[in-house]
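Indexing begins at 1, ligand by ligand and atom by atom, following the structure's order.
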Amino acid sequence: MKLLFLTVCLCLALGLSTSHHGGGHLQTDEPAQDHSKHHHGAVLDRCDGMEMDAVAVTETGTPYFFKGDHVFKGFHGKAELSNGSFSELDDHHHLGHVDAAFRMHFPDSAEHHDHMFFFLDTKVFSYYNHTLEPGYPKDIKDVFPGVPDHLDAAVVCPEEDCKSNMVIFFKGDDIWHYDVKTQKLDEKEFTSMPNCTSAFRWLGHYYCFHGHQFSKFDPMTGEVHGRYPKDARDYFMRCSKFGDSTNHIEREQCSHVHLDAAASDNDGNVYAFRSHHFLRMEGEKMHSDTVESAFKELHSEVDAVFAYEGHMHMIKDNEVFVYKIGEPHTHLEGYPKSLKDELGLDGPVDAAFICKDNHIVHVIKGQTLYEVDMKATPRVPIKDGPFTLFKYVDAAMCGLDGVKIIVGNHFYHFESLMVMQAAKAVPEAKRVSTDLFGCDH
Ligand SMILES: *[C@@H]1O[C@H](CO)[C@@H](O)[C@H](O)[C@H]1NC(C)=O
Ligand SMILES: *[C@@H]1O[C@H](CO)[C@@H](O)[C@H](O)[C@H]1NC(C)=O
Ligand SMILES: *[C@@H]1O[C@H](CO)[C@@H](O)[C@H](O)[C@H]1NC(C)=O
C-alpha cells in the first residue's frame, strides 16, 4: 500500500515539478550515476523543500539523505536509487522507504563498528562495506531489544557527548536512549524538541529534521538553543532561490555546503563564493551579497577565483571574467575571454590561487597543479606535477599566512606554497564554518 501511494505521489510530482538541478559538477565520493532514464529519480528535487526519511553519514564522511527509494549523496546533486548503493533496500522487501538510519561508529563495539543500520518498518538491515551482513534483515526487537517498530529517526551519540555509547531513537514525540553496551533502553522526555523525521550527527553537533526545517539539539537533554528551526536548504543543501529574508551573512558563515571558490586579495581580505552568494571578510567585518548583484556578468557558480594586481580573475567553465576590486566591481573591457587564451588551459578547473605580490598563478585541475606566469606572453601553463594529497579540491587561496586548500566543510592550512608542494600528508582538517568564517556555533 505504501509503495503504491509513493508511486502515485511521485507520478504527480513528475507532472507538476519543474525539475531544477544546479549545473555544478558533482563532487561526492562516488561517481554520480544518471538515473534519469529510470522512472522518478530525476524529479525528486530537494530544493522543493522535501522532508527526508532518514540521514546517515557513511564511512567516507558523506551524509546520505534518504527519501522514498532514493538517496541524495552529499549536500548537492541528484537523487539516486538507494538500491544502487545498498542493493537489498529495494522493492523485493515491499518497503520502499527507510524509516531511520545511522552508522554505528564505536570502535569498542567490534561486532557493529562501522556498520550502517537501516530501519524499515519492523526490520533492521546491517551493512558493512556496502554488503548486507549474514542473517539480516532481522527483526528490530532481536537486535535492539525494546526499540519500537516503525521508527521516525535515529542518531548515534558517542560517549564524549552522551556519557556512554548510545543510539537515540525517535518515534512521534517519544525519544529513547539505547546504551549499546548494556542494551539498556531509557525513555527520555525532550519537551522542547519537535518530532524528528530524521536526525544525524554532523561535525559534533546533533540535528533533528522536521519537514524541510531542522533544529540543533542537545543529545542529553533535548534542549534546542538559539534561533531554530532553520531551513535545511540554507545550511545542508545547495539551493539558490528562496529564504531571502534570512540572515545571509550568518548563513554563509555557518553553511555546511561546499564552496565554489575562495580568494585572498593583497590587503588580506577574503572572498568566498558559494553558488549564488559570496561572503567578503575584511578582518572581522563581514559582508554578503549575491554574485549576480556584485559580479553581474558572471551571474553565479564560479569555478575558481584569484586576485591579481587589483583585479579579481574569476574562472567559470571555459571563460575568465576580470573585475576591479572595490565597489562597484566593474567588469574589465574585453572580458570575458576564453580560459585557453588567458591561461592556456581548458576548463573546467577546480581552484586557482596566487600568493601576495607574486605573478605566478597556481591552478588546480583534478589532481594536477599548473603554474602560469601572468607576466609572460603568451601565457603557457607549466605542469607542476601531480597533486595527489586530495582526491579533489573545491577552492584554494593563498594569503599572508600561507595556502589554504578547501574541501567540503574542511580546509587544510600549509604555511607556504613550498610546504604544500613538499607535503607527504595532509595537515589537520579545520572547519570552514567556525575556523575560517567565525561562525559561532
Ligand atoms: C533497484 O530497484 C529498481 C526498481 O526500483 C530495479 O529496477 C533495479 O534493477 C534495482 N537495482 C539493483 C541494483 O538491484
Ligand atoms: C569492500 O568491498 C570491496 C568490494 O566490494 C573490496 O574490494 C574491499 O576489499 C572491501 N573492503 C573491506 C574493508 O572489506
Ligand atoms: C508528534 O507526535 C505525536 C505522537 O507521538 C503526535 O500526537 C503529535 O501530533 C506530533 N506533533 C506534530 C507537531 O506533528
Is atom 5 (O) of ligand 3 touching the protein, meaning some protein heavy atom lies under 4.0 Å away?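 Yes.
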Check whether any protein heavy atom sits under 4.0 Å from atom 10 (C) of ligand 3.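 Yes, at least one protein heavy atom sits under 4.0 Å from atom 10 (C) of ligand 3.
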Polar contact flag for Asp173 and ligand 3 (N/O pairs, less than 3.5 Å):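 Yes; the residue has a nitrogen or oxygen that sits under 3.5 Å from a nitrogen or oxygen of the ligand.
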With no hydrogens and no angle check, just 3.5 Å: does a side-chain donor-acceptor pair link Ser85 and Lys73?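 There is such a pair between these side chains.
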Please verify the inter-ring angle class for Phe75 with Phe236; under 30° counts as parallel, over 60° as perpendicular, anything in between as tilted.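 The rings of Phe75 and Phe236 sit tilted, inter-plane angle from 30° to 60°.
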Where is the tightest heavy-atom contact between Ala396 and Ala351, given as atom of each residue plus distance?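 The answer is N-CB, 3.7 Å.
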Take atom CD in Glu187; do more than 12 heavy atoms of anything else shown fall under 6.0 Å from it?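 Count over threshold, so yes.
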For atom 14 (O) of ligand 3, grab the closest protein heavy atom and report residue, atom and distance to one decimal in Å.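 Closest protein heavy atom to atom 14 (O) of ligand 3: Asn195 ND2, 3.5 Å.
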Sole residue of Glu133, His115, Lys138 in side chain to side chain donor-acceptor pair (under 3.5 Å) with Ser126: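 Among Glu133, His115, Lys138, the one meeting side chain to side chain donor-acceptor pair (under 3.5 Å) with Ser126 is His115.
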Going by the order shown, which atoms of ligand 3 are within less than 4.0 Å of some heavy atom of Gly172?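 In order of number, 2 (O), 5 (O).
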Nearest to atom 1 (C) of ligand 1 by heavy atom, Leu89, Asn83, Asp69: which?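 The nearest heavy atom belongs to Asn83.
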